[in-house]
Amino acid sequence: MTSFNCSLSILVARTDLAFMMQTIPHLVKTCHFDFMEKALIIDTAPLSDNFRKRPGIGTLEQLRACCQRLLDDGIVDKLIDINYSEDYRKKVYQKHFGCNLRAQHDFRGYPILGSVFSLEAAESDYVLHFDSDMLLYQDSEHSWIQKGIHLLNSQPEVMFVSPLSGPPSEDNVLKQRVPYQKNLAGFYSFKDFTSRKFLVNRKKLEQILPLKPSWIFGKHRLMNYFGGKNEMWSWEVMVSNRLKETDYVRADLDSHKAWTLHTPDHGSNFIQHLPDVISKVESGQYPMVQSGEYNLQLDAWL
C-alpha cells in the first residue's frame with residue numbers, strides 16, 4: 001500500500017507494560033500499510049493516583065526496554081519521549097488552546113500535552129493514532145486507511161476517520177451511547193470524538209483550533225491556570241465540544257472489512273487470554289454478543 005505521507009503514532013506508558021508487547025505488533029501487522037514512519041510516543045511523567053494503583057504497572061526502565069525491543073525488531077521506526085519542558089508546553093498550548101495551561105494530564109491522569117504532542121511530532125500530512133490497548137481487524141485485501149484518507153479529502157465536514165467501532169451486527173446498528181447518523185457516503189457520522197483511535201489530516205485539524213479548555217467544575221475554577229489541583233477534562237472532551245460548535249464530524253467507516261475493539265479490562269484474566277483474543281480478532285472471529293459493541297466483552301470470548 002502506498003504511504004500517502006501517513007505516520008502511525010501509538011501512545012505508551014508504564015500502565016501498558018502487561019500487554020503492549022502483544023497489542024502493538026498486532027496493530028502494526030493488521031494495518032498492513034506502508035507508513036512514512038511508525039512511532040511510539042512515550043509518556044515519561046509520574047503516574048496519577050488513578051493509574052498508580054492499577055495492576056501490572058512497571059518501571060520507566062522496563063517501559064524503555066520494551067520500546068527498544070519493538071524498535072530493534074523493526075515493529076516501529078522511532079521512539080519519542082513527550083516533551084514536558086515549560087517552553088514547549090507554552091508554545092504548543094498557545095496553538096491548540098489559545099492560552100498557557102499548566103495541566104499536562106486530565107483529571108484522571110490521561111495525557112493532554114501528550115495527545116497534541118503526538119500530532120506535532122509527526123512529519124507527515126496524515127497521522128493515524130492508536131492507544132496501545134486497541135485491537136483491530138482488517139480484511140487482507142482491504143485498506144481502511146486508504147478509504148479514510150479519501151474521505152478526509154472528499155468530504156469537507158469529515159475531520160477524523162476511524163474503522164467501524166466494534167464488529168458489525170446483522171442489522172448494522174451500533175451500540176453507541178452517543179447519537180450518530182448514517183451518511184450515504186459510506187460512514188457513520190458522530191459529533192463525539194474518541195482519542196483512542198483516529199486518522200486525521202494535520203493541516204485540516206488546524207481549522208478547529210484553538211480548542212476551548214474545559215474544566216469539570218466550570219471556568220470559574222481558575223486554579224488550573226495557576227498550578228492548583230488539576231480538574232481539566234480530557235483533550236478528547238475538548239475536541240468533542242469543538243465538533244459540536246462546528247459543521248465538522250468524526251466518521252466511522254461503515255465497511256465490515258475493518259473494525260476495532262477497545263479493551264478496558266487490563267486484569268490478569270485479560271492478559272492470560274489476550275493471545276487467543278488477538279488470534280480470533282485477526283481472523284475476523286467474534287462472539288455474537290460482541291456484535292456492534294466497541295468495548296471488549298471478555299467473558300464472551302473465553
Side-chain angles (χ1 to χ4, degrees), residues 4-11 36-37 39 41 43 45 80-108 110-131 145 148-149 151-162 178 187 189-216 218-219 221-222 224-226 230-252:
F4 280 108
N5 197 15
C6 180
S7 298
L8 174 64
S9 170
I10 302 178
L11 182 63
M36 178 178 169
E37 62 180 11
I41 307 301
D43 193 350
I80 312 175
D81 287 0
I82 296 173
N83 187 345
Y84 280 109
S85 71
E86 183 175 358
D87 288 345
Y88 179 82
R89 188 190 73 239
K90 288 180 179 179
K91 177 183 176 181
V92 77
Y93 275 9
Q94 189 63 43
K95 174 181 176 179
H96 285 262
F97 304 112
C99 60
N100 177 28
L101 303 171
R102 289 192 178 275
Q104 299 170 341
H105 295 74
D106 68 12
F107 72 100
R108 302 166 303 167
Y110 191 88
I112 296 175
L113 179 61
S115 295
V116 298
F117 174 83
S118 64
L119 299 173
E120 293 293 327
E123 299 179 2
S124 57
D125 295 331
Y126 301 90
V127 177
L128 169 59
H129 170 84
F130 278 114
D131 281 359
I145 301 172
I149 290 174
L151 202 64
L152 287 169
N153 292 331
S154 63
Q155 302 293 319
E157 77 277 18
V158 173
M159 181 58 67
F160 305 97
V161 182
S162 299
V178 297
F187 63 92
S189 173
F190 292 84
K191 281 294 187 179
D192 284 83
F193 171 68
T194 172
S195 61
R196 295 184 180 123
K197 39 93 179 182
F198 64 88
L199 174 70
V200 68
N201 181 312
R202 294 200 304 147
K203 282 293 184 183
K204 194 172 187 178
L205 179 67
E206 294 178 0
Q207 298 175 23
I208 64 171
L209 300 181
L211 306 175
K212 294 179 181 178
S214 300
W215 292 271
I216 300 173
K219 293 181 180 179
R221 300 300 289 266
L222 294 179
N224 293 282
Y225 277 110
F226 305 109
N230 178 27
E231 294 167 349
M232 289 204 74
W233 282 114
S234 65
W235 178 68
E236 178 179 83
V237 168
M238 289 185 269
V239 173
S240 294
N241 290 342
R242 186 66 175 135
L243 291 182
K244 293 178 176 69
E245 296 173 345
T246 68
D247 294 330
Y248 293 110
V249 299
R250 157 195 149 208
D252 280 15

Once you round to the nearest 0.5 Å, how far does OG of S118 lie from CD1 of I82? 8.0 Å
Partners passing ring pair (Phe, Tyr, Trp, His ring centres under 6.0 Å) against H129 (at least two apart in sequence or in another chain): F198
Any non-hydrogen side-chain atom of D252 less than 4.5 Å from a side-chain atom of F187? no
When rounded to the nearest 0.5 angstrom, what is the spacing between CG in L113 and CG in D106? 12.5 Å
Give a yes or no on whether the backbone of Y88 and the side-chain of Y93 come within a donor-acceptor separation of less than 3.5 Å. no
Can S7 and E123 be said to form a side-chain contact (heavy atoms from CB on, under 4.5 Å), step by step? CA-CA 8 Å; S7 298; E123 299 179 2; 5.8 Å; no
Report yes if some heavy atom in the side chain of L243 is under 4.5 Å from a heavy atom in the side chain of V249; otherwise report no. no
Looking at L152 and N201, what are the two nearest heavy atoms and their distance? CD1-N, 3.9 Å
Check for me whether R250 meets the cation-pi criterion with F190, that is, NZ or CZ under 6.0 Å from the six-membered ring centre and within 45 degrees of the ring axis. yes
Correct closest heavy-atom pair for I145 and L199 would be O-CD2, 3.8 Å
In short, A251 meets L151 closest at the heavy-atom pair CB-CD2, 3.8 Å
With sequence neighbours left out, what residues match K191 under side chain to side chain donor-acceptor pair (under 3.5 Å)? none
Check: S9 side chain, A39 main-chain N or O, donor-acceptor pair, under 3.5 Å: no
For the side-chain contact (heavy atoms from CB on, under 4.5 Å) test, which of L128, V161, L205 pairs with V200? L205
Going by atom types alone, do N83 and S85 pair a side-chain donor with an acceptor below 3.5 Å? yes
What's the separation between atom OG in S189 and atom CD in E157, rounded to the nearest 0.5 Å? 7.0 Å
For a side-chain contact (heavy atoms from CB on, under 4.5 Å) check, start with the C-alpha distance between D43 and F117, then their side-chain angles and the critical distance, and finish with the verdict. CA-CA 10 Å; D43 193 350; F117 174 83; over 6 Å; no
Kindly give the heavy-atom pair with the smallest separation between V127 and A122, and that separation in Å. CG2-CB, 3.5 Å
Are the charged groups of E86 and K90 less than 4.0 angstrom apart, N to O? yes
Are the side chains of F160 and T194 in contact, using a 4.5 Å heavy-atom criterion? no
From the options K91, E120, E206, select the one residue that forms a side chain to side chain donor-acceptor pair (under 3.5 Å) with H96. E120
Could you walk me through whether F193 and M159 pass side-chain contact (heavy atoms from CB on, under 4.5 Å), step by step? CA-CA 10 Å; F193 171 68; M159 181 58 67; over 6 Å; no
In short, N5 meets D125 closest at the heavy-atom pair ND2-OD2, 2.7 Å
Return yes if some donor-acceptor pair links the side-chain N/O of R89 with the main-chain N/O of Q104 below 3.5 Å, else return no. no
Looking at Y110 versus W233, is the centre-to-centre ring distance below 6.0 Å? no
Would you mind listing every salt bridge (Lys or Arg N to Asp or Glu O under 4.0 Å) that reaches into residues 232-248, with sequence neighbours excluded? D192-K244, K212-E245, R242-E245
Indicate the atoms forming the closest heavy-atom contact of I112 with W235, along with that distance. CG1-N, 4.2 Å
Are P213 and C99 close enough that some pair of their side-chain heavy atoms sits under 4.5 Å apart? yes
Is the shortest side-chain heavy-atom distance between M232 and M238 below 4.5 Å? yes
Rounded to the nearest 0.5 angstrom, the CD1-CD1 distance for I41 and I80 is 4.0 Å
Under 3.5 Å: donor-acceptor pair, side chain of K204, backbone of V158: yes
With rounding to the nearest 0.5 Å, note down the distance linking CD in Q94 to CG in L101. 9.5 Å
Is any side-chain heavy atom of M36 closer than 4.5 Å to one of C6? no
